[in-house]
Structure formats: structure tokens, C-alpha cells
Peer 1: 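My questions will all concern the structure given below.
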Amino acid sequence: MKTAAILALALSPLALAQTLCEQYGYHSSNGYEFNNNMWGSGSGQGSQCTTVNYSSGSGVSWRVEWNWSGGQNNVKSYPYSGRQLSQKRIVSQIGSLPTSTSWNYQGNNIRANVAYDLFTASDPNHSTSSGDYELMIWLGRLGDVYPIGNQVGTANVAGQQWNLYYGYNGNMQVYSFVAPNQVNSFSGDVKQFFDYLASNRNYPASSQYLITYQFGTEPFTGSNAVFTASSWSASQN
Ligand SMILES: *[C@@H]1O[C@H](CO)[C@@H](O)[C@H](O)[C@H]1NC(C)=O
Ligand SMILES: *[C@@H]1O[C@H](CO)[C@@H](O)[C@H](O)[C@H]1NC(C)=O
Ligand SMILES: *[C@@H]1O[C@H](CO)[C@@H](O)[C@H](O)[C@H]1NC(C)=O
């Protein structure tokens with residue numbers, strides 16, 4: 001009886017819940033990965049845990065709890081879920097990158113973004129911790145935090161208006177599409193953002209490989225923060 005009960009618990013979906021609190025704590029399943037990435041933690045003080053609530057081939061659900069202080073204008077971390085790309089493909093040859101999410105944030109004095117982050121590089125074997133280009137799509141901008149670089153215009157992509165920023169992150173050129181008003185539910189095709197950049201910003205889509213496809217949050221400061229991605233899905237066609 002007791003053995004059977006333990007076995008039943010181990011097989012139930014709840015048993016899949018994984019909590020990652022250590023630096024770069026990692027979990028992958030069903031073509032999705034999760035990383036409790038705290039790359040900028042040294043610029044302040046705090047802690048963070050990422051919990052995988054649910055994962056299937058058609059999408060995931062997860063949350064992050066954190067407290068960060070100090071280093072007011074420095075990003076502390078980027079806990080994320082990523083779509084694993086078994087094949088690195090040239091951006092111009094990708095048909096579509098459909099995605100959807102529904103998320104919310106709770107906490108005190110939260111200063112953070114909620115953003116997609118995709119790296120592309122001319123070398124398909126480029127390290128996945130950076131690229132030649134970075135595309136960010138900010139669905140949320142909580143508090144007085146700003147993307148890298150300067151605003152270079154506005155853009156209408158995937159059925160909505162965005163403020164477009166451009167600048168450098170080290171050697172990497174960064175384009176950030178920032179929603180003027182928080183978008184808590186988003187459904188769209190990320191390929192359209194690359195198409196926009198190819199048409200309007202000389203982005204070299206025919207010589208860049210998509211090497212990462214991630215969604216998460218970049219905290220600056222705040223306390224008792226809970227970021228919940230009640231659903232997130234992404235695919236490459
Ligand atoms: C954040 O701080 C609160 C209050 O001290 C604490 O209850 C919570 O566990 C902390 N969360 C993390 C992820 O450190
Ligand atoms: C990438 O790495 C694979 C496996 O090592 C290799 O076969 C391929 O030639 C590399 N591609 C480039 C463009 O360097
Ligand atoms: C956790 O996942 C379950 C199953 O998909 C879902 O019903 C529930 O809303 C999720 N919880 C949160 C807090 O997102």
C-alpha cells in the first residue's frame with residue numbers, strides 16, 4: 001500500500017514541479033528549457049528561485065520569485081524559459097516563430113522587464129550566451145527601467161505599436177521593441193520582428209542563424225517579487 005501510494009505520487013504531474021534556486025540552475029523537458037540565470041547578481045544583493053509548474057511539448061507554465069537590491073540600474077538576472085532549437089537555421093529561411101504567453105507580476109517596488117530575448121549569429125556554433133545581434137521584445141516595463149541604447153523610432157509589428165531602441169551590448173547589436181503599455185497576453189509571430197529589421201534596419205537575415213529563443217524577466221530591483229508565466233509556448237517552422 002505504502003509503496004503504491006509513493007509511486008502514484010511520483011507519477012502525478014505535481015511531481016514534475018522543479019524549483020531551481022542556485023546560479024544557472026537548469027531543467028529541460030519536452031523541448032523547453034529553464035534557467036535560473038543570475039548573471040548580474042554581483043551588481044547587488046538578493047536571491048531568486050525559478051519553479052517549473054508544468055511542461056509539455058505544446059507549452060509550459062512557470063514562475064520566478066525574487067528579491068534584489070543595490071545596483072539600481074543594473075540587471076541582476078534573466079530567469080527564462082527557452083525553446084530548444086535542435087537545428088540552428090538561417091533567419092531568412094525560417095517560415096514563422098509563433099509564440100503566445102500570458103503572464104503577471106506581483107511584488108513591492110518592482111523594477112524589471114518581461115521580455116523575449118533571441119540571439120542570432122553568422123556562426124551557427126556561436127556560444128548561446130551571446131550573438132552578433134540580440135532581438136528583445138519587451139511586453140512589460142515595470143518601473144523606471146530602460147533598454148540598451150536610444151529610441152530610434154516606433155514600429156508597427158505583429159499587430160501592435162512598439163517603441164524601437166537600438167544600441168550595443170558589448171560587441172552585440174541590440175534591437176529592443178518596447179510595448180508602450182503592458183501586454184499581459186501576447187500571441188504573435190516573432191519572425192515578423194526580424195522581417196521588420198531586415199526591411200528597415202539592414203538586419204542581415206540571410207546570413208544570421210537563430211541560436212536562442214527565450215522568454216523571461218530581467219529584474220533590476222524590488223522585493224517579494226513573483227513573476228508568473230501561467231502559459232508560454234514557442235515554436236520554429
Ligand atoms: C524574499 O523576501 C521575503 C521576505 O523576506 C521572503 O519571504 C522570500 O522567501 C524571499 N524570496 C526569495 C526568492 O528569496
Ligand atoms: C559547426 O559545428 C559542427 C559540428 O562540430 C560542424 O560540423 C560544422 O562544420 C560547424 N559549422 C560551422 C559553420 O563552423
Ligand atoms: C500550473 O499548471 C497547471 C496545468 O497546466 C495550470 O492549470 C495552472 O494554472 C498553473 N499554475 C499557475 C500558477 O500558472
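Counting convention: from 1, in listed order, for ligands and their atoms alike. These numbers come from the heavy atoms of this one structure, side chains and all, not from hydrogens, waters or symmetry mates.
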Peer 1: Hey, mind stepping through Trp66 and Phe227 against ring pair (Phe, Tyr, Trp, His ring centres under 6.0 Å) and telling me if it holds?
Peer 2: CA-CA 9 Å; Trp66 57 264; Phe227 166 72; 9.8 Å; no
Peer 1: Check each atom of ligand 2 against the heavy atoms of Pro124 and keep those under 4.0 Å away; list them by number with element.
Peer 2: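 With Pro124 as reference, the close atoms of ligand 2 come out as 13 (C).
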Peer 1: For ligand 3, which atoms, with element, lie under 4.0 Å from some heavy atom of Ser61?
Peer 2: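 Atoms satisfying the 4.0 Å criterion: 1 (C), 2 (O), 10 (C), 14 (O).
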Peer 1: Once you round to the nearest 0.5 Å, how far does CD of Glu218 lie from CG of Leu142?
Peer 2: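 Here the interatomic distance stands at 12.5 Å.
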Peer 1: Should the ring pair Trp62 and Phe215 be called parallel, tilted or perpendicular, given that the plane angle runs from 0 to 90° and is split at 30 and 60?
Peer 2: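 Aromatic pair Trp62/Phe215 classed perpendicular.
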Peer 1: Can you see whether Glu33 engages Asn35 through a side-chain donor-acceptor pair at a distance of less than 3.5 angstrom?
Peer 2: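 No, no side-chain donor-acceptor contact under 3.5 Å.
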Peer 1: Which ligand 3 atoms are under 4.0 Å away from a heavy-atom of Asn53?
Peer 2: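 The atoms of ligand 3 under 4.0 Å from a heavy atom of Asn53 are 1 (C), 2 (O), 3 (C), 8 (C), 10 (C), 11 (N), 12 (C), 14 (O).
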Peer 1: Among all the protein's heavy atoms, is there at least one whose distance to atom 2 (O) of ligand 1 comes out below 4.0 Å?
Peer 2: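 There is a protein heavy atom less than 4.0 Å from atom 2 (O) of ligand 1.
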Peer 1: Would the Tyr26 and Phe34 ring centres measure less than 6.0 Å apart?
Peer 2: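 Tyr26 vs Phe34: aromatic centres not under 6.0 Å.
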Peer 1: Atom CG of Asp144 and atom CG of Asn73: how far apart are they, to the nearest 0.5 Å?
Peer 2: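 That separation rounds to 7.0 Å.
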Peer 1: Any chance the side chains of Tyr166 and Arg201 put a donor and an acceptor closer than 3.5 Å?
Peer 2: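 No, no side-chain donor-acceptor contact under 3.5 Å.
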Peer 1: Among all protein heavy atoms, pick out the one at the shortest distance from atom 13 (C) of ligand 3; state its residue, atom name and that distance to 0.1 Å.
Peer 2: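 The answer is Thr228 CG2, 4.0 Å.
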Peer 1: Side chain or backbone, does Glu65 bring an N or O within less than 3.5 Å of an N or O on ligand 1?
Peer 2: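 Looking only at distances, the answer is no, because the N/O contact criterion of under 3.5 Å is not met.
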Peer 1: Counting each atom of ligand 3 from 1 as listed, which ones have a heavy atom of Ser230 under 4.0 Å away?
Peer 2: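 Those of ligand 3 that fall under 4.0 Å from Ser230 are 14 (O).
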Peer 1: Quick test: of every protein heavy atom, which one is nearest to atom 4 (C) of ligand 1, and how far off is it to 0.1 Å?
Peer 2: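 In this structure, atom 4 (C) of ligand 1 has Asn224 OD1, 3.5 Å as its nearest protein heavy atom.
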Peer 1: Scan the protein's non-hydrogen atoms and note whether one is under 4.0 Å from atom 9 (O) of ligand 3.
Peer 2: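 So far as the 4.0 Å threshold goes, atom 9 (O) of ligand 3 is out of reach of every protein heavy atom.
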Peer 1: Could you report the tightest heavy-atom contact between Pro180 and Trp162, atom names first, then the distance?
Peer 2: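 Taking every non-hydrogen atom into account, CD-CA, 4.3 Å.
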Peer 1: Among all protein heavy atoms, pick the one closest to atom 14 (O) of ligand 1 and tell me residue, atom and distance.
Peer 2: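 Minimum-distance protein heavy atom for atom 14 (O) of ligand 1 reads Ser47 OG, 2.6 Å.
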Peer 1: How far is atom 12 (C) of ligand 2 from the closest protein heavy atom, and which atom is that?
Peer 2: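 Answer for atom 12 (C) of ligand 2: Asn125 ND2, 3.4 Å.
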Peer 1: To check your reading of the model: name the closest protein heavy atom to atom 11 (N) of ligand 1, its residue, and the distance in Å.
Peer 2: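 Checking every protein heavy atom, the shortest distance to atom 11 (N) of ligand 1 gives Asn67 ND2, 2.9 Å.
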